[in-house]
Amino acid sequence: MNHTTVVNKLTELGYKGFKEAYMQQMEDINYDSMGFSERLYQLLDAQDIFLRNKRIIMNHRLSKIKDKQAALDAIDYTPQRGINKAQIRSLSSLNFIDARQNIIITGKTGTGKSYLAQAFANKAIFDGYKAYYVRTPSLLEEIKIARLDGTYTNLLKKYSRFKLLILDDFGVIPMGEDDATNLFEIIEDRTQINSTIITSQLPVSEWYNYLNNNTIADAILDRIVHSSHRIELSGPSMRKLKSSIKTDEY
């Protein structure tokens, strides 16, 4: 059997990673000294890496994450930001996802809440988890539409299946009459199953009054706050700081 026949079969099967590694082996005489098992393992490993990278690309595309370059190792630990480096290092292991715990990131506008949340999400996707990003106002509007067009049950299933859900900008608009209840149902479906990261300009101490529904507020705070790691960002707006740096460069 010639090599062309093998390559054609690999193409037919869609084993792209395996095929590329096989063609490399055929062109490199250094592989001639390797045993069959070692060469086969390298081919299988190449296919495994190819499939893993393909899943990462697909999950990134489906995640709706805005900043796909956000990275935990690029965080600015300037003292005035108040970021605990040891805490971030610990959370970067993503053990909180396996433990089905949550993260709450609070701070004034521009302090880097969204960036940090998306950095965790990017790391989660790279490590094989499915993550999804949505602004809380957009989610609440999506729920209202789903209730009207009969797709609400499917929407709940959609948001319950992600191992990590980013709810960005919680608290930036007033809570409507049914918004607290709708948000609670999303959170309830994820409680003790998957993890959620919530970013908010509002301190957690103000969440109860903001939700404007005592019963629902108790339920949400019980399910989220008490099982969450808390990160409070401080310091000046990072957007303004970056803008001033660019201005100084010209």
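- Note that CD of Gln24 and CD of Glu20 are 9.5 Å apart. Values are rounded to the nearest 0.5 Å.
- Side-chain contact check for Ile88 versus Leu116: some heavy-atom pair is nearer than 4.5 Å.
- With sequence neighbours left out, the side-chain contact (heavy atoms from CB on, under 4.5 Å) criterion links Asn8 to Thr4.
- Under the 3.5 Å distance criterion, the side-chain polar atoms of Trp207 are matched with a main-chain donor or acceptor of Leu202.
- With rounding to the nearest 0.5 Å, the separation of NE2 in His60 from CE in Met58 is 12.5 Å.
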Can you check side-chain contact (heavy atoms from CB on, under 4.5 Å) on Phe162 and Leu164, steps first, answer last? CA-CA 5 Å; Phe162 296 109; Leu164 180 61; over 6 Å; no
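- No option in Asn59, Asn194, Leu94 other than Leu94 meets the side-chain contact (heavy atoms from CB on, under 4.5 Å) test with Tyr129.
- Note that CD1 of Ile65 and OH of Tyr133 are 9.5 Å apart. Values are rounded to the nearest 0.5 Å.
- By the side-chain contact (heavy atoms from CB on, under 4.5 Å) test, Asp28 pairs with Asn30, Tyr31, sequence neighbours left out.
- When the shell of 6.0 Å around OH of Tyr15 is examined, it contains 12 or fewer heavy atoms from other residues, nucleotides or ligands.
- A side-chain donor-acceptor contact under 3.5 Å links Tyr115 to the backbone of Ala71.
- At least one donor-acceptor pair under 3.5 Å links the side chain of Ser234 to the backbone N or O of Arg81.
- No salt bridge links Glu232 with Lys113; every basic N to acidic carboxylate O contact stays at or beyond 4.0 Å.
- Among pairs with a residue in residues 37-48, those fulfilling salt bridge (Lys or Arg N to Asp or Glu O under 4.0 Å) read Asp48-Arg52, at least two apart in sequence or across chains.
- Nearest heavy-atom pair across Ser92 and Leu72 is CB-CD1, 3.6 Å.
- A salt bridge links Lys158 and Glu142; the closest N-O separation between the charged side-chain nitrogens and carboxylate oxygens is under 4.0 Å.
- Note that CG of Leu167 is 6.5 Å distant from CG of Leu183, once rounded to the nearest 0.5 Å.
- A salt bridge does not link Arg135 to Asp168: none of the charged side-chain nitrogens sits closer than 4.0 Å to a carboxylate oxygen.
- A distance-only check finds a donor-acceptor pair linking the side chain of Gln47 to the backbone of Phe18 [under 3.5 Å].
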Show your reasoning for whether side-chain contact (heavy atoms from CB on, under 4.5 Å) applies to Ile104 and Ile231. CA-CA 6 Å; Ile104 294 174; Ile231 301 174; over 6 Å; no
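- Minimum heavy-atom separation, Ile105 to Ala117: CD1-N, 3.9 Å.
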side-chain contact (heavy atoms from CB on, under 4.5 Å) assessment of Asn102 paired with His229: CA-CA 6 Å; Asn102 308 299; His229 300 272; over 6 Å; no
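- Both the sub-6.0 Å distance and the 45° axial angle are satisfied by Lys85 relative to the ring of Tyr77.
- Checked options Asn154, Asp149, Thr153; the residue passing with Thr151 is Asp149 (criterion: side chain to side chain donor-acceptor pair (under 3.5 Å)).
- Between the Thr199 side chain and the Asp169 main chain, a donor and an acceptor come within less than 3.5 Å of each other.
- Between the side chains of Arg100 and Ser195, no donor-acceptor pair is found at a separation under 3.5 Å.
- Here the closest heavy-atom approach between residue Lys163 and residue Ile193 is recorded as NZ-O, 4.0 Å.
- Across all non-hydrogen atoms, the minimal contact from Arg230 to Gln87 is O-NE2, 3.0 Å.
- Leu140 and Asp179 make their closest contact through CD2-O, 3.6 Å (heavy atoms, listed as atom of the first residue, atom of the second, distance).
- The distance from atom CZ of Arg61 to atom CD1 of Ile57, rounded to the nearest 0.5 Å, is 10.0 Å.
- A donor-acceptor pair is defined here as one N or O able to donate and one able to accept, closer than 3.5 Å; no such pair exists between the side chain of Thr78 and the backbone of Gln80.
- Screening residues 66-75 for salt bridge (Lys or Arg N to Asp or Glu O under 4.0 Å), with sequence neighbours left out, gives no hits.
- Remark: side-chain polar atoms of Ser228 are paired, donor with acceptor, to backbone N or O of Ile224 under 3.5 angstrom.
- Remark: Ala21 pairs with Leu43, Ala46 by the side-chain contact (heavy atoms from CB on, under 4.5 Å) rule, at least two apart or across chains.
- Distance check: Lys144 NZ to Leu148 CG gives 10.0 Å after rounding to the nearest 0.5 Å.
- Considering all non-hydrogen atoms of both residues, Ser63 and Ile125 come closest at CB-CD1, 3.7 Å.
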Could you go through Asn95 and Ile97, starting from their C-alpha distance and side-chain angles, then the distance that decides it, and tell me whether this counts as side-chain contact (heavy atoms from CB on, under 4.5 Å)? CA-CA 5 Å; Asn95 287 336; Ile97 295 179; over 6 Å; no
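- Proximity of a side-chain donor or acceptor of Ser160 to a complementary backbone N or O of Leu156 within less than 3.5 Å is detected.
- The stretch residues 209-224 participates, sequence neighbours left out, in these side-chain hydrogen bond (donor to acceptor under 3.5 Å, both in side chains) pairs: Glu188-Arg223.
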